[in-house]
Amino acid sequence: MLTKAPKGTKDILPAESYKWQYVEGIMRDVCARFGYREIRTPVFEHTELFLRGVGDTTDIVQKEMYTFEDKAKRSITLKPEGTAGVVRSFIESGMAGAAQPTKMYYLACPVFRYEKPQAGRLREHHQFGIECFGSQEPSIDAEIISVALTVFKELGIKGLELNINSIGCKECRTGYNKALLAYLDKNKSGLCKDCRQRMKTNPLRVLDCKQDSCSKIVADAPKMIDYLCGECSEHFEGLKGRLAAAEIDYKINPLIVRGLDYYTKTVFEIISTDIGAQGTVCGGGRYDGLVEELGGKPTPGIGFGMGMERLLLVIESLGIEIPEPSLCDVYVCTLGEKAAKTGFGITEELRAAGIKAECDHMGRSMKAQMKYAGKIGAAKVVIIGEDELDKNEAVVRDMTQSEETSVALDRLVDLIKKLKA
RNA sequence: GUGGGUAUAGCUCAGUUGGUUAGAGCGCCAGGUUGUGGCCCUGGAGGCCGUGGGUUCGAUUCCCACUACUCACCCCA
């Protein structure tokens, strides 16, 4: 063939798209119950949005963005995450002027990162995400987490682990950074090359390093949680209290840092151990400084992103069955040109009546048409040949019972409507 | 960006210690009744054996390079 789908991209084929639609339906439903409305933002944005929003020391910005110049020499970037575009839209369209908080979700939103593909990691993937602006109360942190967990629950997914942490605000982080740096500096010789660089750019990242030597050192490093200021500490306690009230199990994981610069206070990940090394199905947190950073009035915010592909991997690995919608209720089988015309008219009438109807488009024999009707799962077959046409009748065959009855053509559509109802 | 594995039909995979026309199962199409699906039987279509080079009388098989896929690191959803 001429070319293949680009590296790290995947087609969602007709044979599996119903799974996406099913999952999306549950997401829409859960969001509606929690009071979130859908927002759709462009697939590409001005590059500077992500430089400021995601943070220019992050791996995402430094080496993973699909950035190009358009014909007017504007620097454009395919979105590498969902939040920045929503924040831009929040500011640009003046949503702060409407009733607060502002609660929004996006569905199956394509996200692009130039990565090396592996299990659960693609160059184009899709995220379901929600964002909420305007509230600094810990109750919204708990609600956001609950939206994600409710989606998992309603999909029948069990065994995921919720990890939470607080990385504090700007104020408490400076104190913590000092303590962390002092500790790391003492143990510098045991750190990997990358981590020594991270000490200069973003010391928090060292906590995330998976190198054995580094993680040993990190295990005894000062913990952010112990350095939270009064307000942040109170906020974190408020979150824990609400999770407990909602009977949501969680684990406090002081090593969760997240790779995007905008997070403050609450961060969380929901992790699966069933889908390979890339087990984070959902990740998110609070970003109280982001709206202001992008030129809006100071406004707190919080949200999460959930990977659709990873979610479907979890569903598959757990063996969760998603109901596959039937392709066809009635197949209209005809013999000869005259009957084919009549049959085509009946097929259209059935469709107009809301029935999934099919007829022959291959010039096939009756046997082949029956075979095809069986393959596409038709519950009934209407048979019209010369004999039936002469009598203005059709035979209706029930494919599961293998029973046939003759019906007058002018009563056919009504009868089938009744049978379906 | 770094490392491991793999590459034969639409799919899952045999195979050739280097030798003529490369196989199976499933799937697809047709026939077995000029009017009846699932089961069964028969037949058919469909492969530059990933690409390029090397060794050889001869390479799908051996060697090298490249590419793609895949898994892991890194990072993240």
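Sequence lines set the chain letters: A, B, ... in the order given, protein chains first and strands last, and positions in each chain run from 1.
Closest contact between the side chain of A/Lys375 and the listed nucleotides B/C74, B/C28, B/G35 involves B/C28. When distances are taken from the side chain of A/Lys7 to each of B/U36, B/A68, B/A77, the shortest belongs to B/A68. The side chain of A/Arg397 has B/G37 as its nearest neighbour among B/G37, B/G35, B/U70. Set against B/U36, B/U70, B/A77, the side chain of A/Arg310 has B/A77 as its closest nucleotide. Counting only heavy atoms from C-beta on, A/Met370 has its side chain closest to B/U36 among B/U36, B/A72, B/G35. The side chain of A/Asp387 lies closest to B/G35, out of B/G37, B/G35, B/C73. Closest contact between the side chain of A/Gln127 and the listed nucleotides B/U70, B/A77, B/G35 involves B/A77.
Distance check: A/Glu404 CD to A/Lys380 NZ gives 12.0 Å after rounding to the nearest 0.5 Å. The distance from atom CZ of A/Arg113 to atom NE2 of A/His125, rounded to the nearest 0.5 Å, is 5.0 Å.
The CG atom of A/Asp360 sits 16 Å away from the P atom of B/G37 (whole-angstrom rounding). Whole-Å rounding puts the A/Tyr262 OH to B/C76 C1' distance at 11 Å. Whole-Å rounding puts the A/Leu160 CG to B/A77 C1' distance at 13 Å. Between the CD atom of A/Gln62 and the P atom of B/G1 there is a distance of 16 Å, rounded to whole Å. In this structure, the CD atom of A/Glu131 is 11 Å from the P atom of B/A77, given to the nearest Å. Atom CD of A/Gln369 and atom P of B/A30 are 10 Å apart (whole Å). Rounded to whole Å, atom P of B/G4 lies 10 Å from atom NZ of A/Lys116. For A/Leu13 and B/G10, the CG to C1' distance is 12 Å, given to the nearest whole Å.
Comparing the same atom, P, in B/A59 and in B/G54 gives a spacing of 11 Å after rounding to whole Å. A distance of about 14 Å separates the C1' atoms of B/U21 and B/G47, rounded to the whole Å. Straight-line distance between the C1' atoms of B/C71 and B/A14: roughly 24 Å, to the nearest whole Å. The C1' atoms of B/C28 and B/C66 are separated by 35 Å, rounded to the nearest whole Å. Annotation: B/A24 and B/U67 have their P atoms spaced 36 Å apart (nearest Å).
Nearest-nucleotide positions on RNA chain B place A/Met362 closer to the 5' end than the other of A/Asp398 and A/Met362. If you find the closest nucleotide of RNA chain B to A/Thr400 and to A/Glu309, the one lying nearer the 5' end belongs to A/Thr400.
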Between A/Leu228 and A/Tyr176, does the side chain to side chain contact (heavy atoms under 4.5 Å, CB included) criterion hold? Intermediate values first, please.
CA-CA 8 Å; A/Leu228 294 180; A/Tyr176 174 68; over 6 Å; no

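At the phosphate of B/A72, OP1 or OP2 sits under 4.0 Å from a side-chain N or O atom of A/Gln118. When the side-chain nitrogen and oxygen atoms of A/Lys4 are compared with OP1 and OP2 of B/G50, none of them lie within a distance under 4.0 Å. Contact check, A/Arg364 against B/C29: a side-chain N or O comes under 4.0 Å of OP1 or OP2.
Ring planes of A/Phe133 and A/Phe90: parallel class, angle under 30° (limits at 30 and 60°).
Across all their heavy atoms, A/Val54 and A/Tyr262 have their closest contact at CA-CD2, 4.2 Å.
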Dot-bracket notation for RNA chain B is requested: 5' to 3', Watson-Crick or G-U wobble pairs only, both distances under 3.5 Å, with ( ), [ ], | and . as defined.
(((((((..((((.....[...)))).(((((.......))))).....(((((..]....))))))))))))....

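Among the protein residues, A/Gly276 comes within range of the sugar-phosphate backbone only, with heavy atoms under 4.0 Å from sugar or phosphate atoms but none that close to a base. Within 4.0 Å of A/Glu388, counting heavy atoms only, lies at least one base atom of the nucleic acid. Residue contacts for A/Glu269: at a heavy-atom cut-off of 4.0 Å it reaches no nucleic acid atom on any strand shown. The residue A/Glu81 sits apart from the nucleic acid: no heavy atom pair falls under 4.0 Å. Contact annotation for A/Lys367: base contact, defined as any heavy-atom pair under 4.0 Å involving a base atom. Contact annotation for A/Ile383: base contact, defined as any heavy-atom pair under 4.0 Å involving a base atom. Note on A/Ala277: only backbone sugar-phosphate atoms sit closer than 4.0 angstrom, heavy atoms only; bases stay farther off.
Using a 3.5 Å distance cut-off with no hydrogens or angles, the side chains of A/Ser406 and A/Lys391 do not pair a donor with an acceptor. For A/Glu124 and A/Tyr66, the side-chain atoms include no donor-acceptor pair closer than 3.5 Å.
Put simply, the residue from A/Lys103, A/Arg242, A/Arg33 that forms a salt bridge (charged side-chain N to carboxylate O under 4.0 Å, His left out) with A/Glu143 is A/Lys103.
Put simply, the side chain of A/Arg52 gets close to the backbone of A/Glu293: a donor and an acceptor are under 3.5 Å apart.
Taking the ring axis of A/Tyr227 as reference, the NZ or CZ atom of A/Arg173 does not stay both within 45° of it and closer than 6.0 Å to the ring centre.
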